[in-house]
A.B. asks: 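Handing you this structure, nothing more for now.
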Amino acid sequence: MKKHIPLATPHMSEEGYEVKFINDAFEKNWIAPLGENVDGFENDIKEFVGVEAATATVSGTAAIHLALKLAGIEQGDKVFCQTFTFAGSSNPIHYVNAEPVFIDSDLETWNMDPKALEEAFEKYPDTKAVLLVHLYGLNADTDKIKEITDRYGAILIEDAAESLGTLYKGKHSGTTGKYGILSFNGNKIITTSGGGMLISNDKEDIAKAKFWATQAREPFLHYEHEEVGYNYRLSNISAGIGRGQMKVLKKRIEQKTHIFNFYKEHLSDLKEIEMMPVNEWNVPNFWLSSILVKSDKVNASDVIEALKEENIESRPLWKPMHMQPVHKGLEFFGTGNSEYLFENGLCLPSDTKLTDIDLNRVVQIIRGLFK
Ligand SMILES: *Cc1c(COP(=O)(O)O)cnc(C)c1O
């Protein structure tokens, strides 16, 4: 069997920072519930992306749920949600009994198409929230989306689960909207084994989210509850991993950038391959290097299959949410770019432990298909 090349796996620091923070929690017996590592991790993120407030959660999905609650979304409301994304973006819309209305992507950014969003607002001008996603580390053209969202008096939530460290016009991804969310799931650019973060410049709102995430426990010695809460806070152990991972985030971005540039250098002369779009206002974190296959003879699934035969993992781009059986009958605005991307694209191995020799194996297999 040839050496396995994975898509993306957790990559702890060579220096062992994560273990140090965890050991520290053990020594102080701060295993649970919260503690220094949680505060420290929240502070690290606040400083890194430049926001006033943050609360660490058990997952990115939980952070989106809290953001929707802060936006006042409830039963009967619609939320304009990017269709080209992972289910973790749209599932929380169902948790609050609201209805997702799916918005197409454009081919310039692969993320939300402002024209499709405008159309959706023309039909439903009272919609209260827009859920924008930044896929594969590429940033949406957030200012355009924000201008439309503001004009209709709606709240912008940015799902930056895949774009921690990405810069949009010099600003960190996820910090333009009212709320941003991050994920530290196992395959993300940094991981806490599982976790997320809700970020915002609104300190009061983040305090409210923290309260909901802690079972909505009122400040009494006995347990007093006036609202329904959730058990959504990140553990002190997981947060310790996060603090360690923050020390290597910049390095991981450099490694991901190298991977993308390697593929670009060795594949983009092929007329059948198009690299994912990097706009001049965008400095991506290059979480997953992705390509489109433009050929009558070989399609994206042929490439995935050919790589799999060589023990190399790749995967299709996200299947749009409006095409998912669970969303049958829900509304969609757009021209079908997201379907086109799904049918013709794939994510290439982007694991930060890969060497140039590994990357070259991937490149040679792909090139072989277009000879
Ligand atoms: C990973 C991911 C999420 C969910 O994050 P979890 O931490 O796994 O709950 C949401 N949206 C997108 C786009 C993601 O990639």
Side-chain angles (χ1 to χ4, degrees), residues 7-10 41-42 45 54-69 79-96 100 102-105 109-112 129-140 142 145 156-166 168 173-174 177 179-199 209 213 230-235 238-239 241-242 245 252 256 276 284-290 315-322 324 326-327 338 341-342 345 347 350:
L7 188 72
T9 58
F41 187 34
E42 288 170 351
I45 288 284
T55 191
T57 53
V58 289
S59 68
T61 308
I64 296 177
H65 186 186
L66 294 170
L68 290 167
K69 279 190 58 89
V79 174
F80 294 149
C81 177
Q82 183 164 320
T83 190
F84 188 46
T85 189
F86 170 59
S89 307
S90 57
N91 275 337
I93 300 172
H94 299 290
Y95 302 167
V96 296
F102 293 110
I103 311 294
D104 209 1
S105 285
T109 65
W110 287 17
N111 290 304
M112 194 180 280
V130 173
L131 186 59
L132 176 65
V133 190
H134 308 291
L135 290 181
Y136 309 120
L138 302 174
N139 215 89
T142 312
I145 300 296
L156 180 60
I157 301 168
E158 288 186 71
D159 177 346
E162 301 179 3
S163 62
L164 173 60
T166 289
Y168 171 72
S173 188
Y179 310 113
I181 79 96
L182 305 170
S183 168
F184 312 107
N185 190 32
N187 62 4
K188 297 287 170 14
I189 192 152
I190 60 166
T191 182
T192 57
S193 80
M197 189 89 69
L198 175 66
I199 58 176
Y230 306 87
N231 187 1
Y232 272 179
R233 303 282 321 259
L234 190 68
S235 83
S238 299
I241 306 176
Q245 287 270 278
R252 296 291 172 264
K256 296 272 191 190
M276 63 184 188
N285 70 5
F286 294 106
W287 175 53
L288 292 181
S289 286
S290 302
R315 74 170 178 209
L317 300 185
W318 296 122
K319 180 173 178 177
M321 286 302 123
H322 74 276
Q324 302 287 356
V326 66
H327 293 132
S338 53
L341 291 168
F342 168 59
C347 306
S350 305

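Whatever order the structure lists ligands and atoms in, that order sets their numbers, starting from 1. The residues of the chain are indexed from 1 along the displayed sequence. All values below come from the heavy atoms of this structure, side chains included, with hydrogens, waters and symmetry mates left out.
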A.B. asks: Taking 4.0 angstrom as the limit and counting only heavy atoms of Ser183, give me the atoms of ligand 1 inside it, by number and element.
C.D. replies: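 By the 4.0 Å cutoff, the relevant atoms are 1 (C), 5 (O), 6 (P), 7 (O), 8 (O).
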A.B. asks: Can you tell me the protein heavy atom closest to atom 1 (C) of ligand 1 and the distance?
C.D. replies: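 Sorting protein heavy atoms by distance from atom 1 (C) of ligand 1 puts Lys188 NZ, 1.6 Å first.
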A.B. asks: Let me confirm one number: the CD1-CZ distance from Ile190 to Phe184, rounded to the nearest 0.5 Å.
C.D. replies: 5.0 Å
A.B. asks: Side-chain donor-acceptor pair under 3.5 Å between Glu162 and Trp318, yes or no?
C.D. replies: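 Side chains of Glu162 and Trp318: pair found under 3.5 Å.
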A.B. asks: Could you tell me whether the side chain of Tyr136 reaches within less than 4.5 Å of the side chain of Leu317, counting heavy atoms only?
C.D. replies: yes
A.B. asks: What part of Val133 sits under 4.0 Å from ligand 1 if we count only heavy atoms: the side chain, the backbone, both or neither?
C.D. replies: side chain
A.B. asks: Nearest protein heavy-atom contact for atom 15 (O) of ligand 1: which residue, which atom, what distance?
C.D. replies: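 Protein heavy atom at minimum distance: Glu162 OE2, 2.5 Å.
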A.B. asks: Nearest 0.5 Å, what's the CG-CD distance between Leu164 and Gln245?
C.D. replies: 10.5 Å
A.B. asks: Quick one: does any side-chain atom of Ser338 pair with a main-chain N or O of Asp104 as donor and acceptor, under 3.5 Å?
C.D. replies: no
A.B. asks: Check whether any heavy atom of His134 sits under 4.0 Å from an atom of ligand 1.
C.D. replies: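 The answer is no: ligand 1 sits nowhere under 4.0 Å from a heavy atom of His134.
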A.B. asks: Considering the heavy atoms of Gly195, write down every atom of ligand 1 situated less than 4.0 Å from one of them.
C.D. replies: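 Result: 7 (O).
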A.B. asks: List ligand 1 atoms under 4.0 Å from Ala161, heavy atoms only on the residue side.
C.D. replies: 2 (C), 3 (C), 10 (C), 11 (N), 12 (C), 14 (C)
A.B. asks: Under 4.0 Å from ligand 1, counting heavy atoms only, is it the side chain of Thr61, its backbone, both or neither?
C.D. replies: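 Both of them.
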A.B. asks: Side chains of Thr85 and Leu135: closer than 4.5 Å at any heavy-atom pair?
C.D. replies: yes
A.B. asks: Please verify whether a non-hydrogen atom of Ser89 lies at under 4.0 Å from ligand 1.
C.D. replies: yes
A.B. asks: Which residue holds the protein heavy atom closest to atom 10 (C) of ligand 1, what is that atom called, and what is the gap in Å?
C.D. replies: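 That would be Asp159 OD2, 3.5 Å.
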A.B. asks: With heavy atoms only and a cut-off of under 4.0 Å, state how Ser59 meets ligand 1: side chain, backbone, both or neither.
C.D. replies: both
A.B. asks: Could you state the interatomic distance from NZ (Lys69) to CG (Leu198), rounded to the nearest 0.5 Å?
C.D. replies: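 Lys69 NZ to Leu198 CG: 13.0 Å, rounded to 0.5 Å.
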A.B. asks: Check ligand 1 against Gly60 and write out every atom of the ligand that is under 4.0 Å from a heavy-atom position of the residue.
C.D. replies: 5 (O), 6 (P), 7 (O), 9 (O)
A.B. asks: Considering the options Ile64, Ile181, Leu66, which one meets the side-chain contact (heavy atoms from CB on, under 4.5 Å) requirement together with Thr57?
C.D. replies: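 Between Thr57 and the candidates, side-chain contact (heavy atoms from CB on, under 4.5 Å) is satisfied uniquely by Leu66.
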A.B. asks: Could you check whether any side-chain heavy atom of His322 comes within less than 4.5 Å of a side-chain heavy atom of Pro100, counting everything from C-beta outward?
C.D. replies: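 Counting from C-beta outward, His322 and Pro100 never come under 4.5 Å.
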A.B. asks: Mark up the atoms of ligand 1 that fall under 4.0 Å of a heavy atom belonging to Thr85, in ascending order.
C.D. replies: 13 (C)
